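Following: one structure in structure tokens, then a few remarks.
Owing to the predicted nature of the structure, the values given are computational and were not obtained by experimental measurement.
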Amino acid sequence: MLTVDPELEMKLKALAEQEHCSPDEIIKRLVNYYLQQKQQSELLADMAEQLPEIACFKQQDPLKTQKALRDEWH
């Protein structure tokens, strides 16, 4: 059995009512979501793939840009 503060309980009940399900179902969804996020890879390369694409860098080779910046410093 869980004990939650009254404010959280009210929010949980309101959310459950909005979603047309029970508070238990909301908690189950939250736990499943948390576990799913926890299982995702924490590799930097995997995280980078999830970043949004920036329009100003579209159609550009990032290595070429980096090389140009390095050449500028010499």
Side-chain angles (χ1 to χ4, degrees):
M1 174 148 206
L2 288 175
T3 305
V4 295
D5 67 81
E7 185 180 336
L8 181 58
E9 183 179 4
M10 287 175 35
K11 288 179 181 180
L12 182 59
K13 286 180 180 179
L15 183 59
E17 193 174 301
Q18 216 175 11
E19 295 288 320
H20 304 291
C21 62
S22 70
D24 289 346
E25 180 63 30
I26 297 293
I27 292 172
K28 191 184 305 182
R29 288 181 194 174
L30 288 170
V31 169
N32 286 335
Y33 177 77
Y34 173 80
L35 292 174
Q36 182 184 30
Q37 294 300 314
K38 193 91 167 138
Q39 289 175 353
Q40 288 182 354
S41 175
E42 294 182 7
L43 294 175
L44 185 57
D46 293 338
M47 289 181 187
E49 287 179 9
Q50 296 174 2
L51 294 173
E53 207 169 293
I54 300 173
C56 66
F57 291 116
K58 236 178 195 174
Q59 309 298 330
Q60 290 187 19
D61 179 12
L63 293 177
K64 185 176 179 182
T65 304
Q66 186 180 30
K67 187 177 184 302
L69 285 170
R70 269 195 246 127
D71 290 344
E72 187 177 292
W73 294 337
H74 284 114

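Other residues, nucleotides and ligands place no more than 12 heavy atoms under 6.0 Å from the CD atom of E7.
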Report the C-alpha separation of Q18 and L15 in whole Å, then their side-chain angles, then the decisive distance to 0.1 Å, and conclude whether the side-chain contact (heavy atoms from CB on, under 4.5 Å) test is met.
CA-CA 5 Å; Q18 216 175 11; L15 183 59; 3.8 Å; yes
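For S22 against A16, the heavy-atom pair with the smallest separation is C-CB, 3.7 Å.
For the pair E19/E25, no side-chain contact is recorded, criterion being any heavy-atom separation below 4.5 Å from C-beta on.
With sequence neighbours left out, Q36 forms a side-chain hydrogen bond (donor to acceptor under 3.5 Å, both in side chains) with no residue at all.
Hydrophobic cluster membership differs between Y33 and V4, with clusters built from Ile, Leu, Val, Met, Phe, Trp and Tyr side chains linked at under 4.5 angstrom.
With K28 as the fixed residue, the side-chain contact (heavy atoms from CB on, under 4.5 Å) test singles out one of D24, I26, L30, N32: N32.
Using a 4.0 Å cut-off between charged side-chain N and carboxylate O, E17 and K13 make no salt bridge.
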